[in-house]
Participant: 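Dumping the structure here so I can ask a few things about it.
The sequence lines fix the lettering, A, B, ..., with proteins before strands; numbering per chain opens at 1.
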There are 4 protein chains.
Amino acid sequence: MKSFASDNISAAHPAVMQAMERANHGSAKPYGQDEWTEKALAALQQTFGETARPSFVMLGTAANVLGLKSMLQSHQAILCSDSSHIHVDECGAPEAIIGCKIITTPSVNGKICLETCRARLSMREAVHHSYPKVLSITQQTESGTIYTIAELQEIGRFCRENKLYFHMDGARLANAAAALNVSLKAITADVGVDVLSFGGTKNGLLMGEAVIFFNPELGQEFHYLRKQHMQLTSKMRYIAAQFLAYLENDLWRTNAQAANSTAALLAQELGTLDHVRFAFPVEGNALFVRMPKASLERLAKDYYFYIFDEEDGPGFPAGWAMARFLTAFDTTKEEVLAFAKAIALCK
Amino acid sequence: MKSFASDNISAAHPAVMQAMERANHGSAKPYGQDEWTEKALAALQQTFGETARPSFVMLGTAANVLGLKSMLQSHQAILCSDSSHIHVDECGAPEAIIGCKIITTPSVNGKICLETCRARLSMREAVHHSYPKVLSITQQTESGTIYTIAELQEIGRFCRENKLYFHMDGARLANAAAALNVSLKAITADVGVDVLSFGGTKNGLLMGEAVIFFNPELGQEFHYLRKQHMQLTSKMRYIAAQFLAYLENDLWRTNAQAANSTAALLAQELGTLDHVRFAFPVEGNALFVRMPKASLERLAKDYYFYIFDEEDGPGFPAGWAMARFLTAFDTTKEEVLAFAKAIALCK
Amino acid sequence: MKSFASDNISAAHPAVMQAMERANHGSAKPYGQDEWTEKALAALQQTFGETARPSFVMLGTAANVLGLKSMLQSHQAILCSDSSHIHVDECGAPEAIIGCKIITTPSVNGKICLETCRARLSMREAVHHSYPKVLSITQQTESGTIYTIAELQEIGRFCRENKLYFHMDGARLANAAAALNVSLKAITADVGVDVLSFGGTKNGLLMGEAVIFFNPELGQEFHYLRKQHMQLTSKMRYIAAQFLAYLENDLWRTNAQAANSTAALLAQELGTLDHVRFAFPVEGNALFVRMPKASLERLAKDYYFYIFDEEDGPGFPAGWAMARFLTAFDTTKEEVLAFAKAIALCK
Amino acid sequence: MKSFASDNISAAHPAVMQAMERANHGSAKPYGQDEWTEKALAALQQTFGETARPSFVMLGTAANVLGLKSMLQSHQAILCSDSSHIHVDECGAPEAIIGCKIITTPSVNGKICLETCRARLSMREAVHHSYPKVLSITQQTESGTIYTIAELQEIGRFCRENKLYFHMDGARLANAAAALNVSLKAITADVGVDVLSFGGTKNGLLMGEAVIFFNPELGQEFHYLRKQHMQLTSKMRYIAAQFLAYLENDLWRTNAQAANSTAALLAQELGTLDHVRFAFPVEGNALFVRMPKASLERLAKDYYFYIFDEEDGPGFPAGWAMARFLTAFDTTKEEVLAFAKAIALCK
């Protein structure tokens, strides 16, 4: 069945798989002491700037949770949007692994609300409440929107002024950088991010994720944390090789641009339809649309995708549910046009 | 300074202190194997019915957290009102000690919203979300209101129908039973509560709290949990003796009625003032009032109390903050009338 | 039944109970903001020296575990003797609450073996092993022996040289100070202890324990840790009042001397018996003796005590088990002589 | 540099890499809903018998820790040999993630000592101690020895009689089955194993491990545990494809036999040398040898390997340290003979 359900349904990019094959010869020292890992970490540092100290973990949840754990004690709290992946989609991993509380702000098109954050800071005064220590955002957000450089700078400033660490979940960071047409460094190190999860699985890798520390005070014992929390692969070359291919010639950007542009094409096609409206601005590779439930049910006979909200949305017609459509680096223009046509017919 | 800040500022009831003195003679087996503990547990069982299996812990936070831990794994969640003590006032203890997520519903006069609970149950379907396993309420609520028997029965039914455990934070359970004029059993065992925190520190004890299991499947290894989580006092007779005095001749009810009736008197007096309005119905020993900020500031020169909300409340005049006034078992009529007079003057 | 099972079977000292009664009047600010707490903390600081920063918790397990948690991350380890209370008798609380590993050395008369500690330090090199960060000893040890000042100084030096924090479980610290005839400060602050658990429940208190930080870098956020880990009592005056009485006129020393001297008397009496031999030197208020099992069985008909080792001990006759006898502050000379006589008869 | 340091230094077997390449086409449902995963799980079930319920995780540490967590509460303990990987080499992950205590027995050639286990069961009686609930062994052991079928049956019986769960760390299970010339089922399901970690990374895979539940009461919510503990890869086909290749035509056995036979060849060669003695019987693919330290130092100039014990061993000449040599599936006869020759020369 054809699917616009997620960008994690794609196979790996051929160049990434080839890199793994090339790494598959001879012996290599285990646990990241190999030359592929050395080169890949250097490449990450070159990409993210000299303050970057990267480490590989296996999965995005681990990158987020262990990055956050490096900044938090259990009586401290994370401020984030109520649509954050760390809050909604990680099965309570932050609570279980860090033991901390997550304090959410209403999502504004997927973005954090600084005003609400500010109001929550007063909780710092008494011993009875977990107090905020980290502010976490997702770039590209879970709603498909993208923080501008100015917004990121404002968040960075807010964090510094209020002694909060700035965490970024970058599972789709490449899509954001591609859409903004800036470097990865410009939207991370340069805006004051302390710890970043840099993912690639949604943009052409098989698996593997990097945690990158920018703040020199953090992550000094991260290698122990990684081992103890079951993320230290003995044959690390197979993660490193993927990242080498991913960074070479900015494959990450090429892939992200491809996904963004098919998403834009889909948005353009759907923009002409009366029975489709966008729930959030389409800025990267994700579309959130509201349509009549009956239309979505018909569409689901031929396409696989997720319904994000069965209930009516404010400002939308009654009976219109919200669906998410994602494009990936290997989504073709033809697939998009066929999908748009199918949607047009599900009136 | 005179204080209406909380019911935990009072000394212990004289009968409770005398019971401790009487227990202070001779040797006793440690860790709850003594005769005071045996008698006190029997008295609790008689009070709460034959399905009750009580244990003593040191503090209310422990009673709540360890009772909840007995029902939960870390990937499961607690449903509660967003004003719940377990969510707001225990410094993230449930997250730290259980590792679970707390999912809140908007508070309706301090009570849980079952409609929102129902909507959250769909989260059970996917492995990406913590799923609700326990519904927790506080009786008397943190807003000073009291669940009626009918409301409790409805919650009990909701829990059974949806395979949720029913937890009750009873830090002020005595005030609720006194206000409803029913037995403690009628609002716990009889409405389907699975695990109860039964507190007395806010109603005449020095310290000490009981966790009571009603569901025979739960708490089988609670004695280990209690020890490991730093709640097993070696000289348990000093907790048990307090509870013996507390249950004898229903001292708990006498105390709670006293507190409730001075609260009612205060409410009656304040009800005549134009510059005071109640934020929630006054049903037990707590008043939440909105008043002009300037009035509260003046009042604070002579009285100690907590401001619960500095912001404007919907439906109230601008610039009116919300304060909480609590009466205790030893609050006198004269103190209340003097306080009411002071408030009247802070116009 | 008469009992030499433990020093926690005694009632509280009358002066301690009287102090609680005196505290039981009028209102007091909750959570340690009261005047009793202020005075008791000042008294502790005077006793332990100006570097001492004390806090009250409810129980000894909590004092140990939360003091240790203030020094440790989960990938670090505690070095201690294999007879340590934190290893053997706290139901795995350090592992559960801190998440760390405990690495034991063979007990030498209840004391830690520094040579073994030194050998374990090499584990620091690799990410695959928890590495030692804290060295913990118990003074008076669980075997009834007492570290000399010179031994404590050597341990302090070892810790400094090897970047280990020095933790002391002082559940029976008073007995040690009384036996050595030194101040409490002399065997804690002055020998380089970083964090101390100072207990009184085994020497005349009802309950309550102090955690004392000497190292200024540690425990900065202990007040949050205490609240979150269920140790912040709202009516703290009842713990504080006990400590005030305990420190006044060195009641702690009077009590400990009494217990030590009845233990010495018992040791003297038993020293003349052929069927009794000491497993460890008797230096404080605890005797560990080996006797024929049949003798112990007969003795158990009239006396309550614990068997610590059913197996044969090296250097002792076959069939001789090890029992523990403890005296307390209120054990009388007559009780001791009667007990000694009973033992003499159980030949 | 040539290396006999471990079996995790090898590249993946070509057939395994080819299987990944074949899986790298087109879309696939994420999180294990794909057809490769379905087939691989079916293949595991066919291999391990119909009671087997397998799940994939990323790494061996995760397989062990999460399998164990499925059987344990934090106040319970794991019995294992003091040379166990879960005790020595996982950076305290069981303590951190499960919160439980590990109770070790002296290793007997790497194997658990049932007599010591039996003695530890008495700890079950009191609430003060963590009590044993799981017995865990490693097959092939960390010392290179292999439990016979009879030994495994005895352990299974011991577990059943004493209500212990039987856990097996099978990071090198293939080497054991190959050496014993039996099926994988014969040394797991058939001897009463409740939960197995089945690894392949040390025998030809790139990464990925299976947790297999045999006891139908265990692991019902393992899918939540896996997600929450950061082990649910979105593109699971890349793990599944490896296992499909690994099980096809018993590649696991072919690989393990190859490693075992080069180990046997090495043992045969070294057996003739006066300055080399075996610390443990050589039964699989690991050799533990004692040699003069000077010899090992010279050898280390040309070969990479681990020293396991710098100290003298009982029964061995003074100044002889213990080294570990491991062969892998791709170690050649020529490499072994050259290594043996080098060792012979380092006299």
Participant: For B:Ala96, is there any backbone N or O sitting under 3.5 Å from a side-chain donor or acceptor partner on A:Ser74?
Facilitator: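 Checking the backbone N and O of B:Ala96 against the side chain of A:Ser74, no donor-acceptor pair under 3.5 Å is found.
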Participant: Can B:His128 and A:Cys91 be said to form a side-chain contact (heavy atoms from CB on, under 4.5 Å), step by step?
Facilitator: CA-CA 5 Å; B:His128 302 276; A:Cys91 197; 5.8 Å; no
Participant: State whether the side chain of A:His75 and the backbone N or O of B:Gly92 hold a donor-acceptor pair below 3.5 Å, judged by distance alone.
Facilitator: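 A pair under 3.5 Å: no.
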Participant: With a 4.5 angstrom heavy-atom cut-off, is it the side chain or the backbone of A:Ile102 that approaches chain B, or both, or neither?
Facilitator: side chain
Participant: Any donor and acceptor pair, going by atom type alone, linking the side chain of A:Lys101 with main-chain N or O of B:His87 inside 3.5 Å?
Facilitator: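 Such a contact is found between A:Lys101 side chain and B:His87 backbone.
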Participant: What closest approach, in Å, do B:His129 and A:Asp89 show between heavy atoms, and which atom pair accounts for it?
Facilitator: CE1-OD1, 3.1 Å
Participant: Pick from B:Glu310, B:Glu95, B:Gln76: which one has the most heavy-atom pairs with chain A under 4.5 Å?
Facilitator: B:Glu95
